[in-house]
Amino acid sequence: MTQIAVAYTSSTVDAEAEPVVASRGHAINQMLVPFSVAYLIGAFVTDLAYWRTALVMWERFSVWLIAAGLVIAGLAVIAAVIDLLSGRQRPAWFRALTYAVAIVLSLVNVLVHSRDGYTAVVPTGLLLSGLVTILLLAMLVGGWSLTYSDPLGAAQ
């Protein structure tokens with residue numbers, strides 16, 4: 001979350017006081033990653049529901065959740081690359097690589113889910129969703145961001 005410091009130019013707040021706002025450079029990918037994680041873990045939950053009930057609705061929910069997770073993940077990766085190119089951030093290698101593997105598995109998973117019938121989810125889709133969930137939970141041990149702030153880069 002971006003923290004904003006607000007300071008007033010006088011000791012009393014009056015109509016002429018203008019706030020000075022300073023943003024503390026947090027990575028935008030840190031705001032996007034939780035959404036893709038929620039979508040992809042939600043797909044695992046709907047895969048479990050499909051496995052237990054065989055209602056096609058759950059399989060369709062899984063496809064939509066995986067697709068939405070991939071779109072948001074793409075935006076998060078673009079934001080992380082922009083943060084890295086700006087020089088104010090450096091990569092969090094473990095989280096970034098774990099996230100990349102989870103996204104590749106999710107891409108395969110959405111293709112598996114595009115098949116017809118029960119075998120679109122059980123067992124391959126369910127297994128892939130479970131692996132993605134495990135990877136994403138392992139990634140979150142250190143935090144949401146795919147990058148770290150680089151105090152030396154920000155000072156330049």
Side-chain angles (χ1 to χ4, degrees), residues 1-6 21-154:
M1 299 187 125
T2 302
Q3 298 176 356
I4 297 177
V6 178
V21 178
S23 174
R24 301 189 187 172
H26 290 283
I28 293 180
N29 71 72
Q30 189 175 10
M31 294 181 282
L32 295 172
V33 170
F35 289 102
S36 65
V37 169
Y39 286 139
L40 295 173
I41 291 176
F44 178 59
V45 172
T46 56
D47 280 349
L48 288 172
Y50 181 67
W51 173 50
R52 300 307 299 164
T53 64
L55 293 172
V56 177
M57 168 188 70
W58 294 114
E59 189 268 337
R60 296 290 173 226
F61 286 167
S62 293
V63 171
W64 281 103
L65 286 168
I66 295 168
L70 288 171
V71 168
I72 299 296
L75 294 173
V77 168
I78 290 169
V81 168
I82 290 170
D83 287 338
L84 291 172
L85 292 177
S86 72
R88 294 178 302 181
Q89 302 282 323
R90 57 188 172 87
W93 286 111
F94 174 74
R95 284 185 289 215
L97 292 175
T98 305
Y99 192 65
V101 170
I103 297 310
V104 168
L105 287 175
S106 294
L107 187 58
V108 171
N109 198 10
V110 81
L111 296 174
V112 167
H113 275 76
S114 68
R115 298 184 303 188
D116 281 338
Y118 190 73
T119 58
V121 176
V122 180
T124 310
L126 187 61
L127 178 66
L128 286 171
S129 291
L131 285 172
V132 167
T133 298
I134 291 168
L135 285 171
L136 291 175
L137 292 175
M139 180 196 87
L140 296 179
V141 170
W144 293 108
S145 184
L146 302 176
T147 59
Y148 294 116
S149 45
D150 190 4
L152 297 176

Full working for side-chain contact (heavy atoms from CB on, under 4.5 Å) between T98 and R95: CA-CA 5 Å; T98 305; R95 284 185 289 215; 5.8 Å; no
Y99 vs L136, side-chain contact (heavy atoms from CB on, under 4.5 Å): CA-CA, chis, key distance, verdict: CA-CA 7 Å; Y99 192 65; L136 291 175; 3.9 Å; yes
For S145 and Q30, run side chain to side chain donor-acceptor pair (under 3.5 Å): C-alpha distance rounded to whole Å, both residues' side-chain angles, the deciding distance at 0.1 Å, then the answer. CA-CA 4 Å; S145 184; Q30 189 175 10; 4.7 Å; no
Check step by step if side-chain contact (heavy atoms from CB on, under 4.5 Å) holds for R90 and T147. CA-CA 5 Å; R90 57 188 172 87; T147 59; over 6 Å; no
If you apply the rule side-chain contact (heavy atoms from CB on, under 4.5 Å), what do you find for N109 with S129, and how did you get there? CA-CA 7 Å; N109 198 10; S129 291; 2.8 Å; yes
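Smallest separation of non-hydrogen atoms from L40 and T133: O-OG1, 4.4 Å. In terms of heavy-atom proximity, L70 sits nearest to S106 at CD2-CB, 3.8 Å. Residue A102 comes nearest to V132 through the heavy atom pair O-CG2, 3.7 Å, listed as atom of the first residue, atom of the second, then distance. A pairwise comparison of heavy atoms in Q89 and Y148 identifies OE1-O, 2.9 Å as the closest pair. In terms of heavy atoms, A49 sits closest to W58 at CB-CD2, 3.5 Å. Here the closest non-hydrogen pair linking A73 and S36 is N-CB, 3.8 Å.
Between the CD1 atom of I66 and the CG atom of D47 there is a distance of 6.0 Å, given to the nearest 0.5 Å. Taken to the nearest 0.5 Å, the CD1 atom of I41 stands 10.5 Å off from the CD1 atom of I134. Between atom CD1 of residue I28 and atom CD1 of residue I82 there is a gap of 7.5 Å, rounded to the nearest 0.5 Å. Distance check, rounded to the nearest 0.5 Å: CG of L65 to OH of Y39 gives 8.0 Å. Going from atom CZ of F44 over to atom CG of L126 covers 5.5 Å, rounded to the nearest 0.5 Å. From T124, atom OG1 reaches atom CG of L127 across 7.0 Å, with rounding to the nearest 0.5 Å.
Tested against L128 for a side chain to side chain contact (heavy atoms under 4.5 Å, CB included), the candidates L107, L105, L111 yield a single pass: L105. The side chain to side chain contact (heavy atoms under 4.5 Å, CB included) with P91 is formed by just one residue from the set L97, V81, L84, L146; it is L84.
Contact check for V37 versus M139: side-chain heavy atoms found under the 4.5 Å cut-off.
Between F61 and W64, the distance from one ring center to the other does not fall under 6.0 angstrom.
In summary, the side chains of R60 and Y50 do not present any donor paired with an acceptor at a separation below 3.5 Å, with no hydrogens or angles considered.
Heavy-atom contacts from other residues, nucleotides or ligands closer than 6.0 Å to CH2 of W51 number 12 or fewer.
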